[in-house]
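So the structure is just underneath, and the comments pick up after that.
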Amino acid sequence: FVNLGAIEGLVHISELAWQRNAKPKEIVNKGDVVKVKVIGIDQEKNRISLSIRQTLDNPWDTVSDRWKPEMQTQGSVTNLTDFGAFVEIEPGVEGLIHIGDLSWSRIKHPKEVLRKGQKLDVVILDIDKEHKRISLGLKQLNDPWKDVSSRYAKDQEVPVKVVRLADFGAFVELEEGIEGLIHISQLSRQRVEKPQDVLQEGQEITARILEVNPEERRIRLSLRSAQD
């Protein structure tokens, strides 16, 4: 509540600052002299609505001057949703880490890897000033495919875990963030109608690497070669 002289007005919590969920005690103290903007007058209820936020520069107006794609910064998680995590990178400016950019491993919900209020490093992927959107990435800070050729090579036998079965083969995990494909033709020397006839999700096996392609993020493996 702000004393305007003869009357008082209210600065709603949403009009305190540009950042979301700002708490009054974090923005002002009792007795402070503040600049406000009158945004509403209700004479019937004797109410005046005020804003401190609208007297301040909107950080989104100049966001492109401070942030560029590929820049890294630290932010705070403000909200978790089914499709990703919102992160505040400066007061009043939030970006979204889409669930697909949280981890190289497959996750069902952002809460598996993040918590509200957590501080973390992120990289800026894209800025849409017009729609006030910033796309952020977390997994891009640690790309396991970056030096994959130094760890895996053709004809190397590796322990893998079956993560998904498809009509054309089985996807296996070599390590967190690194998946490869065993084509159905490479599952056995004998003809295989369905990958489910040979493998099960979650099964751990040994396979031989046929090809490592870091540029296309692709590893081809064979189960029948390892069996031989």
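Along the sequence shown, the residues carry numbers beginning at 1. Computed from a prediction, not measured in an experiment: that's the story for all the values here.
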Is any side-chain heavy atom of [X] less than 4.5 Å from a side-chain heavy atom of [Y]?
X      : Y      : result
Ile219 : Val172 : no
Val87  : Leu114 : no
Val11  : Val28  : no
Asp101 : Leu136 : no
Gln74  : Val122 : no
Asp197 : Gln190 : no
Ile178 : Arg151 : yes
Arg53  : Ile39  : no

From CA spacing to verdict: side chain to side chain contact (heavy atoms under 4.5 Å, CB included), Val123, Leu125: CA-CA 6 Å; Val123 60; Leu125 303 179; 4.0 Å; yes
Hphob cluster co-occupancy, Ile7 + Val34, side-chain heavy atoms under 4.5 angstrom: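 Yes: a chain of side-chain contacts under 4.5 Å links Ile7 to Val34.
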Cluster link Val93 to Leu16, ILVMFWY, side chain under 4.5 Å: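 No, no single cluster joins them.
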Intermediate values then yes/no, side chain to side chain contact (heavy atoms under 4.5 Å, CB included), Asn58 and Lys132: CA-CA 11 Å; Asn58 186 340; Lys132 298 183 178 180; 3.5 Å; yes
Test side chain to side chain contact (heavy atoms under 4.5 Å, CB included) applied to Arg208 and Asp155, step by step: CA-CA 6 Å; Arg208 180 174 293 177; Asp155 294 329; 4.2 Å; yes
So how far is it from [X] [atom1] to [Y] [atom2], rounded to the nearest 0.5 Å?
X      : Y     : atom1 : atom2 : value
Ile27  : Asp32 : CD1   : CG    : 11.0 Å
Phe1   : Leu50 : CZ    : CG    : 10.5 Å
Glu15  : His12 : CD    : NE2   : 8.5 Å
Lys111 : Leu80 : NZ    : CG    : 9.5 Å

Quick check: does any side chain N or O of [X] sit under 3.5 Å from a backbone N or O of [Y], one acting as donor and the other as acceptor?
X      : Y      : answer
Gln118 : Arg115 : yes
Trp104 : Trp145 : no
Asn213 : Glu216 : yes

Can you see which heavy atom on [X] is nearest to which on [Y], and at what distance?
X      : Y      : value
Ser103 : Glu176 : OG-OE2, 4.1 Å
Ser105 : Gly177 : OG-N, 3.8 Å
Ala166 : Pro195 : O-CG, 3.0 Å
Ile124 : Ile134 : CG2-CG2, 4.2 Å
Glu175 : Glu173 : O-CG, 3.1 Å

For [X], I'd like to know if atom [atom1] has over 12 heavy atoms of other residues, nucleotides or ligands within 6.0 Å.
X      : atom1 : value
Asp167 : CG    : no
Arg47  : CZ    : no
Gln43  : CD    : no
Asp57  : CG    : no
Lys161 : NZ    : no
Gln203 : CD    : yes

Salt bridge Glu70-Lys68, side-chain N to carboxylate O under 4.0 Å: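 Judged by the 4.0 Å cut-off on N to carboxylate O distance, Glu70 and Lys68 do not form a salt bridge.
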Gln72 and Leu141: CA distance, side-chain angles, deciding distance, side chain to side chain contact (heavy atoms under 4.5 Å, CB included) verdict: CA-CA 9 Å; Gln72 295 183 20; Leu141 294 174; 3.5 Å; yes
